[in-house]
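A, B, ... follow the sequence lines: proteins, then strands. Residue 1 opens every chain.
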Number of protein chains: 2
Amino acid sequence: MATIKDVAKKAHVSVATVSRVINNKGYVNDETKTLVLNAIEELQYVPNELARSLFKKQSRIIGVIVPHMTSYYFAELLEIIENYTIEYDYHIMVCNSQDDEARETKFIRVFQQYSIDGIIIIANTTRIGDYQNLNIPIITIDHKLSDQIPSVSSNNLNGGKLAAEKLASTGCKNILHLRGPSPLITVQARSKGFEQQLAKHGLACRRFDLEFKSPSKDYIQNFIDKNPDADGIFCDSDLIAMHVIQCLKHNNKSVPEDVQVIGFDNIELASIFSPKLTTIAQDKHTIGKYAVETLVKLIAKTELTQKHHQVDVALIERETTRAN
Amino acid sequence: MATIKDVAKKAHVSVATVSRVINNKGYVNDETKTLVLNAIEELQYVPNELARSLFKKQSRIIGVIVPHMTSYYFAELLEIIENYTIEYDYHIMVCNSQDDEARETKFIRVFQQYSIDGIIIIANTTRIGDYQNLNIPIITIDHKLSDQIPSVSSNNLNGGKLAAEKLASTGCKNILHLRGPSPLITVQARSKGFEQQLAKHGLACRRFDLEFKSPSKDYIQNFIDKNPDADGIFCDSDLIAMHVIQCLKHNNKSVPEDVQVIGFDNIELASIFSPKLTTIAQDKHTIGKYAVETLVKLIAKTELTQKHHQVDVALIERETTRAN
DNA sequence: TTGTAGGCGTTATCAT
DNA sequence: ATGATAACGCCTACAA
């Protein structure tokens, strides 16, 4: 690998001059510039980002912590995030926490080691300690670590409300809510919205908590079996909804005639599944875009006018609910 | 951020000594060691990996190029890869090529800039030029860039054979193959195996090529409509298979009674879909593990006994095919 | 407009 | 067993 010295030698100038043309900084004669550019071309010189980062104390790397990747929601979000970071000339180091705190702690160390410029956390962390005094800009998605640390998330409260309104207004009386893990702030907001709206119709619901990563089919079947009177089911992910529909089918219930089902996320498969899933759509594109843009601002030490941002959700009606 | 100098000062020793205890290298008195360790603890010192990398000319970063992430196959693979890299104390920089050559070329530059130690390419590259004289260890998944560049992939040929045998042996006569993009080596191997095995039964098939990322529903419906006599369909991905089943349902065909369908990949959703998908399972775990282990060997300049590795596939029979 | 030189944080060689 | 010091490749005062 050619270094800046090699280029300088070849172009018969000093390294400072080369550095100036690379960075387009300071005065440099057009002729010498051409000379340098030619040398760079010939030597196929690529500046060493490590040396640069060492000097500047920033790496143009953004660390992303995800709980896991094998869920469409996170995979899609990750793709969007990567696309935006590239626009700002950043690159992402992906760390998969597997919902494991020890791993997460390890990653924070790694991020420090690499002088990572900023962190995007999609993890379901409840701990804040390690991040608090880290001195690296952070933005969280789907979770509020503290009032100080900026966040973006869907309007989960409204998501719950929309689902409740749909179920209630189409005549459901015995309603179930198959939730994600209840400690999660997103899950709590959805539950709250769902119940508030249900209450307006004089309705309540029975709940059951599941894992997001791989919701247990047995638990779902069990819960469905124990509530044979159910006529409306709200699920905290499309994956859970798909499982639910399978269980319902197993019990010879028809969807949406006997039971209506609403999912959450609007993953790509929601419209391929059969029956096509009615679901609360999260606007991943806006979320990802906002996360990156905000983090970049944070890195540039721009003041944020608003620390916490909510992105609208929408009810997408397909084949697992009835028309009003 | 505390540096090695700060630690040295606090422990009243030289930076050389601190470096020795950090790296567990060379002689150092137990007492001074404790002194240094205490200073590190107090200062919350974390070694700067950038400076380290600059000196050592290796970054402990592995670059991963994926065509896109919103396909279960790649997402799962990525997760597995990340898990293994961590075991070897490497971290991954993920680059999403979006099947765009310009982007890929840019990434290669980025990889050079960061002194990336090795590259895993899952991309559908046909070009080899940029990688050839890169002087960074590379391993490709699902694609053979050249005889020299090591690769891992599923035994796609056998995958095709297994599918053909299943369809033929259960009496299918009018067979379709909904493939991925035909330039891909994986697609070619599957086609070859499929046709070879079909030929043994005196059978042939009609083919149609689709994108992997988001196979066009309209094209699929069209092809299905044009071949109403079809009684067996082999699809190059589970996603395509799911679409096919939807189209079949739309045409009032029942699966597997009228038409049998076989997918490829065995993504998690294959067993959640309804009907549950019969599919050719790729062993992502073994592929990911092998890729990382091989790359680590390559980085350590270990001679490989075998440059190209194939991983077995298996037919998973579920509800979209009939029993033999 | 260009060059010199010091420093970013680390490791490794050579003395001591 | 420990300490100076040069180097890794780059950037930026400062000097010329």
Rounded to whole Å, please give me the gap between CD in B:Gln113 and P in D:dC10.
10 Å
Judged by each residue's nearest nucleotide on DNA chain D, which is more toward the 5′ side, B:Gly26 or A:Phe55?
B:Gly26
Is it the case that A:Gln98 and B:Asn83 place a side-chain donor and acceptor less than 3.5 Å from each other?
yes
I'd like to know if B:Glu49 pairs up with B:Arg60 as an ion pair, taking the criterion as any Lys NZ or Arg NE/NH1/NH2 lying under 4.0 Å from an Asp or Glu carboxylate oxygen.
no
Is any side-chain N or O of B:Tyr45 closer than 4.0 Å to OP1 or OP2 of C:dT10?
yes
Grab the OH-P distance between A:Tyr27 and C:dG3 for me, whole Å please.
17 Å
Within less than 4.0 Å of OP1 or OP2 of C:dG9, is there a side-chain N or O belonging to A:Lys57?
yes
Looking for any heavy atom pair under 4.0 Å, which part of the strands does B:Ser53 touch: base, sugar-phosphate only, or nothing?
nothing
A:Ala51 side chain, from C-beta outward: closest of C:dA12, D:dG9, C:dT2:
D:dG9
d(CG, A:Leu54; P, D:dC10) in whole Å
12 Å
Side-chain ion pair, B:Glu42 and B:Lys9, N-O less than 4.0 Å:
no
By nearest-nucleotide position on DNA chain D, the 5'-leaning member of A:Met1 and B:Val15 is B:Val15
Given C:dT2, is OP1 or OP2 found less than 4.0 Å from the side-chain N or O atoms of A:Thr17?
no
Restricting to side-chain hydrogen bond (donor to acceptor under 3.5 Å, both in side chains), what partner residues turn up for B:Ser19, sequence neighbours left out?
B:Asn23
Do any side-chain nitrogens or oxygens of A:Ser19 fall under 4.0 Å of OP1 or OP2 in D:dC11?
yes
Toward the 5' end of DNA chain C, which comes first, B:Ala16 or A:Val13, by nearest nucleotide?
A:Val13
Whole Å only: how far is the NZ atom of B:Lys25 from the C1' atom of D:dT2?
17 Å
Would you mind reading off the distance between B:Ile4 atom CD1 and D:dG3 atom C1', rounded to a whole angstrom?
13 Å
Nearest-0.5 Å distance, CZ of residue A:Arg20 to OG1 of residue A:Thr17:
5.0 Å
Distance check needed: C:dT10 C1' versus B:Asn23 CG, whole Å only.
9 Å
What is the distance, to the nearest angstrom, from the CZ atom on B:Arg60 to the P atom on C:dT10?
17 Å
Between B:Tyr84 and B:His285, how do the two ring planes meet: parallel, tilted or perpendicular, split at 30° and 60°?
perpendicular
Strictly under 3.5 Å: I want the nitrogen or oxygen pairs between protein and nucleotides 14-16 of chain C, one per line.
none

Name the residue from B:Gln310, B:His308, B:Lys307, B:His143 that meets the side-chain hydrogen bond (donor to acceptor under 3.5 Å, both in side chains) definition with B:Ser151.
B:His308
Length of the line joining B:Ile40:CD1 and C:dG9:P, which is rounded to integer Å
16 Å
Between B:Tyr290 and B:His309, what is the ring plane arrangement, given parallel below 30°, perpendicular above 60°, and tilted in between?
parallel
Just N and O in the side chain of A:Thr3: are any of them under 4.0 Å from OP1 or OP2 of D:dG9?
no
